[in-house]
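Quick notes on the structure that follows.
Along the sequence shown, the residues carry numbers beginning at 1. Nothing here was measured: the structure is a model prediction, and the numbers come from that model. Every heavy atom of this structure was used, including side-chain atoms; hydrogens, water molecules and symmetry mates were not.
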Amino acid sequence: MKDITIALAKGRLAEFSIDIFEQIGFTCSEMKEKSRKLIFKDEEHKLRFILVKASDVPTYVEYGAADIGIVGKDTLLEEGRNLYEMVNLKCGACKMVVAGLATLQGKLDSLNNKRIATKYVRIAKDYFQIKKGQTIEVIKLNGSVELAPLVGLSEVIVDIVESGKTLKENGLVVLEEICDISARLVVNRVSMKMERKRIMDIVEKIKERI
Ligand code: PRP
């Protein structure tokens, strides 16, 4: 029997995922110890856990290097990989929004050739160009996105809002909501055919725990 490989996004989401896998009877105790190891095995259940950067989880799963992945919906939308999305784990719930200065409230659609700063280039383009049919310029940033409208780099941002604290402390407001975000369990398309029973067993057990 071959190992089922599960790609986990390093950090808080991996900790949450490990807890869930332990609750459904898989052994991940070695992953809780501080180390630089990237592969962990549960020999008894023929499972292999790999720790990868969040944005790489969909890549490992699409190419079949991992059969299953656990990652945020924001990453899935941004990476646009061809995967089965099987379970909404409801963890890390937040929203993808358009935000900017309050003076833009109700005026967003009439603002032509908007510059949008974001870590999520694809999500911003899908929303403004494809859904709304607007001409925009997307400026890719890697963090501290809220700064962009404050220093004139862009009119608005597309980013995640969780508590709303970062927006508030920087004098910005939510102008439009794009979608809800939370952690998802995804499955490789070929693995779903070849290892359907074992994968569905894991999926069903996880669903019961949510
Ligand atoms: C994320 C996100 C927002 C912030 C939202 O940034 O990009 O900036 O958290 O959270 P809040 O609504 O609870 O304030 P992150 O912490 O990942 O840092 P970054 O700016 O480096 O991307």
Practice task
Would you mind listing every ring-ring contact (aromatic ring centres under 6.0 Å, His included) that reaches into residues 41-68, with sequence neighbours excluded?
Solution key: F21-F49, F26-H45
Practice task
Find out whether the Lys NZ or Arg CZ of R189 is both under 6.0 angstrom from the six-membered ring centre of Y84 and within 45° of the ring's axis.
Solution key: yes
Practice task
With the side chain counted from C-beta on, respond yes when V87 and V203 share a heavy-atom pair under 4.5 Å apart, and no when they do not.
Solution key: yes
Exercise for the section: May I ask you to check whether over 12 heavy atoms, not counting those of M200, lie within 6.0 Å of atom CE? Expected result: yes
Problem - Salt bridge flag under 4.0 Å for residues K132 and E176 - result: yes
Exercise for the section: Sequence neighbours left out, what pairs pass ring-ring contact (aromatic ring centres under 6.0 Å, His included) with at least one residue falling in residues 93-141? Expected result: none
Exercise for the section: Using a strict cut-off of less than 4.0 Å between a Lys/Arg side-chain nitrogen and an Asp/Glu carboxylate oxygen, indicate whether K197 and D201 qualify as a salt bridge. Expected result: no
Problem - Any donor-acceptor N or O pair under 3.5 Å, side chains T135, N113 - result: no
Problem - Lys/Arg N to Asp/Glu carboxylate O, K205 vs E208, below 4.0 Å - result: no
Exercise for the section: Answer yes when E155 and K114 have at least one side-chain N-carboxylate O distance shorter than 4.0 Å, and no when they do not. Expected result: no
Problem - Heavy-atom side-chain contact between T5 and I39 under 4.5 Å - result: no
Fill in the blank from the handout: Residue set satisfying side chain to side chain donor-acceptor pair (under 3.5 Å) with K119, at least two apart, ordered chain then number -> none
Practice task
Would you mind reporting whether E85 and K73 have side-chain heavy atoms less than 4.5 Å apart?
Solution key: yes
Handout entry: I123 side chain near L77 side chain, heavy-atom distance below 4.5 Å
Key = yes
Exercise for the section: Flag the pair C94 / I181 as yes when at least one side-chain heavy-atom distance between them is below 4.5 Å, and no otherwise. Expected result: yes
Practice task
Determine, for D67 against K2, whether the closest basic-nitrogen to carboxylate-oxygen distance falls under 4.0 angstrom.
Solution key: yes
